[in-house]
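Structure record follows, encoded as C-alpha cells.
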Amino acid sequence: MFKKILVANRGEIAVRIIRTCQELNIKTVAVYSEADRDALHVRMADEAVCIGAPQPSRSYLNIPNIISAAITRGAEAIHPGYGFLSENPYFAEICETSGIKFIGPPASAIEAMGAKARAREIMAAVGVPVVPGSPGLVTKDDDIAQIAESIGYPVIVKATAGGGGRGMRVANNLDELEKSVIAAGTEAEAAFGDGGVYLEKYLEEPRHVEIQVLADQHGQAVYLGERDCSIQRRHQKLVEETPCPSLTEDLRRQMGQAAVRAALSVSYSGAGTVEFLLDKSGSYYFIEMNTRIQVEHPVTEWVTGIDLVAAMIDIAAGAPLPYRQEEISPRGAAIECRINAENPDHDWRPCPGRVTDYLPPGGFGVRVDSGIYIGYEIPHYYDSLIAKLITWGSNRQEAIRRMQRALGEFRIAGVVTTIPFLQRIMDNAWFQRGETYTNFIQRRLEGL
Ligand code: ADP
C-alpha cells in the first residue's frame with residue numbers, strides 16, 4: 001500500500017480524499033494555488049506545496065509543477081479528484097513514466113472514452129445501446145440534412161470533447177441545425193481546443209441514470225447500482241439520488257451489466273461511471289463514460305457502504321476487488337444536494353466572497369462534504385460548488401424529509417447560496433412523487 005499520496009485537486013473533493021487517506025494511514029500532500037493558501041485541504045493535509053498562480057492553467061492544470069511536487073515530497077501516487085487533470089490521458093501517462101501511480105484508469109481507457117463520438121462507436125460495437133445519431137463526427141460540409149432526417153428531429157449537436165454541459169445545442173429543423181453545427185463547433189474549439197461535433201436524437205423528457213462501476217487491474221468488475229441525476233439546470237446536475245425512482249430490478253440489472261461490459265471493453269480499472277439516458281418506455285441509451293470519481297459519488301457510498309475513494313486507492317495499489325456482484329446489495333435511499341455560491345435570482349451568477357457564518361447540519365443520516373469554514377474567502381477563480389449535503393433514509397420519502405430538515409438547519413452567511421432553490425425542489429410535489437426528468441427545473445420550477 002502507498003505511504004504517501006499527492007492530491008491534485010482543491011475544495012471539497014480534496015478534503016474528501018484526504019479524509020480517506022487519514023483513515024488508511026496514508027500521508028497526504030496537498031497542492032494549492034496562490035489563491036488557495038488558506039483553503040481547508042491545505043490545512044488538513046500533512047504537507048502542502050504551492051504550485052502556481054490562481055488561474056487553473058497555471059496551477060491545478062500545471063503538470064510539471066504537480067509532478068515535481070510529487071517527486072520532491074516522495075509521493076508514490078496521485079489522486080486527481082474530478083475536473084482539472086482527472087480525465088487527461090497525457091497526465092495519467094506522465095505520472096506512470098515518472099514512476100508515480102495515477103489513481104485512476106490506464107491512459108488508454110481515459111483516451112478511449114474521452115472523445116464522446118468515438119466512445120459511442122466502441123459501445124455500439126460491444127452491444128451497449130447508444131442514442132441514435134450520426135455515425136461519427138459531422139461538419140457543415142457533410143450531408144447533415146440527410147443524417148438529421150434519418151435520425152428524426154429534434155436533434156442535439158454535441159461536442160465530442162464536451163463536458164460540464166457545455167457545447168450542446170438542440171435543433172428542430174435544417175436551418176437551426178446548420179447554424180448549430182457551426183456555432184457548437186466554434187464554441188467547442190474555444191472551450192476544449194477540439195471543434196469536433198456529432199449528432200444525437202434529442203430525447204424528450206428522459207431521465208439521466210448513471211451506473212457506478214468498480215474494476216480492478218485483474219479483469220474483474222462490478223456495478224454498484226445507479227444514480228438518478230435528472231434534476232439539472234443547463235445540463236448541469238443539481239440534485240442526485242439513488243435508487244432511481246422508476247427503475248425496475250430487471251432494468252437495473254440490464255443497465256448494470258451493460259456498464260460493466262462498457263468498462264471491460266476498454267480494459268478499465270478504478271472507479272468509473274457509465275451515463276445513460278432512460279426514456280419513458282424503459283429504453284436506455286449510453287451517452288458517455290466518466291473515467292474518474294464523480295461529484296455525486298457519496299449517494300452510492302451511503303447505500304452500498306463502500307468508500308469509493310478507498311476502493312480506488314486499493315485498486316491502484318493492485319488489490320483484487322474484495323466482493324462479487326451478488327454481494328453488493330444497496331440499502332435504503334440517499335439524496336445529494338449541490339450547494340453552490342450562486343444567485344439563482346440573478347441568472348445564477350457566481351457569488352464568491354467571505355463566509356461570515358457557517359453552521360452545517362448534523363444528526364442521523366446527514367453527511368456534509370465541504371471545503372469552507374467561518375472566515376474563509378471563496379476565490380472567484382474556481383467552480384462555485386462549496387458544499388454537498390447528502391442524506392440517507394430507509395426509503396426515498398424519509399431521505400427527502402431528512403434533506404428538508406437538514407437544508408433548513410444549514411446556515412451559510414456572507415455569500416448567496418442555492419440552498420433556498422434546493423428547498424423549493426425538495427418541497428415540489430412532482431419531485432416528491434419521483435416524477436423527474438432532465439427538463440424538470442425548466443418546466444416545474446422556472447415555468448419555461
Ligand atoms: P456533458 O459531458 O457535457 O455532461 P452529457 O453527454 O453527459 O454531456 O449530457 C449532459 C446532459 O445533457 C444529459 O444529462 C441530458 O440532460 C442532456 N442530453 C445529452 N444528450 C442528450 C440527448 N441526446 N437527448 C436529450 N438530452 C440530452
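Just follow the structure's listing: the first ligand is 1, and inside any ligand the first atom is 1. Hydrogens, waters and symmetry mates are skipped; everything else that's a heavy atom, side chains included, is used.
Atoms of ligand 1 lying under 4.0 Å from at least one heavy atom of G164, given by number and element, are 1 (P), 3 (O), 4 (O). Those atoms of ligand 1 that come under 4.0 Å of a heavy atom in T438, given as number and element, are 16 (O).
Contact between K237 and ligand 1 is absent, with no heavy atom of the residue lying under 4.0 Å from the ligand. Heavy atoms of Q236 come nearer than 4.0 angstrom to ligand 1 in no pair at all.
T160 and R118 are not linked by any side-chain donor-acceptor pair at a separation below 3.5 angstrom, with hydrogens and angles left out of the test. Looking only at atom types and distance, the side chain of T20 has a donor-acceptor partner in the side chain of R16 under 3.5 Å away. In this structure, a donor-acceptor pair under 3.5 Å is absent between the side chains of T391 and R405. Between the side chains of E342 and T418, no donor N or O sits under 3.5 Å from an acceptor N or O. In this structure, a donor-acceptor pair under 3.5 Å is present between the side chains of D279 and S281. Residues S59 and Y381 have side chains that never bring a donor and an acceptor to within less than 3.5 angstrom of each other.
With hydrogens left out, the protein atom closest to atom 8 (O) of ligand 1 is K116 NZ, 3.2 Å, a heavy atom. For atom 3 (O) of ligand 1, the nearest protein heavy atom (residue, atom name, distance) is G165 N, 2.6 Å. Ranking protein heavy atoms by distance to atom 12 (O) of ligand 1, first place goes to H235 ND1, 3.2 Å. Summary of contacts: the protein heavy atom closest to atom 10 (C) of ligand 1 is M168 CE, 3.8 Å. The closest protein non-hydrogen atom to atom 7 (O) of ligand 1 is E288 OE2, 2.6 Å. Of the protein's non-hydrogen atoms, the one nearest atom 22 (C) of ligand 1 is L277 CD1, 3.5 Å. For atom 26 (N) of ligand 1, the nearest protein heavy atom (residue, atom name, distance) is Y202 CE1, 3.7 Å. Among all protein heavy atoms, the one lying closest to atom 16 (O) of ligand 1 is Q232 OE1, 2.7 Å.
Considering R207, K158, H208 only, the shortest heavy-atom separation from atom 20 (N) of ligand 1 involves K158. Heavy-atom proximity to atom 24 (N) of ligand 1, evaluated over I156, L203, D279, N290, is greatest for L203.
For the salt bridge (charged side-chain N to carboxylate O under 4.0 Å, His left out) criterion with R169, the lone passing option out of E187, E178, E176 is E187.
By the 4.0 Å N-to-carboxylate-O rule, R424 lies too far from D427 to be salt-bridged with it. R227 has no carboxylate O lying under 4.0 Å from a charged side-chain N of E336, or vice versa, which leaves the two without a salt bridge.
Relative to the six-membered ring of Y284, R252 misses at least one condition, a distance below 6.0 Å or an angle of at most 45° to the axis.
With a heavy-atom cut-off of 4.0 Å, E275 touches ligand 1 through its side chain alone.
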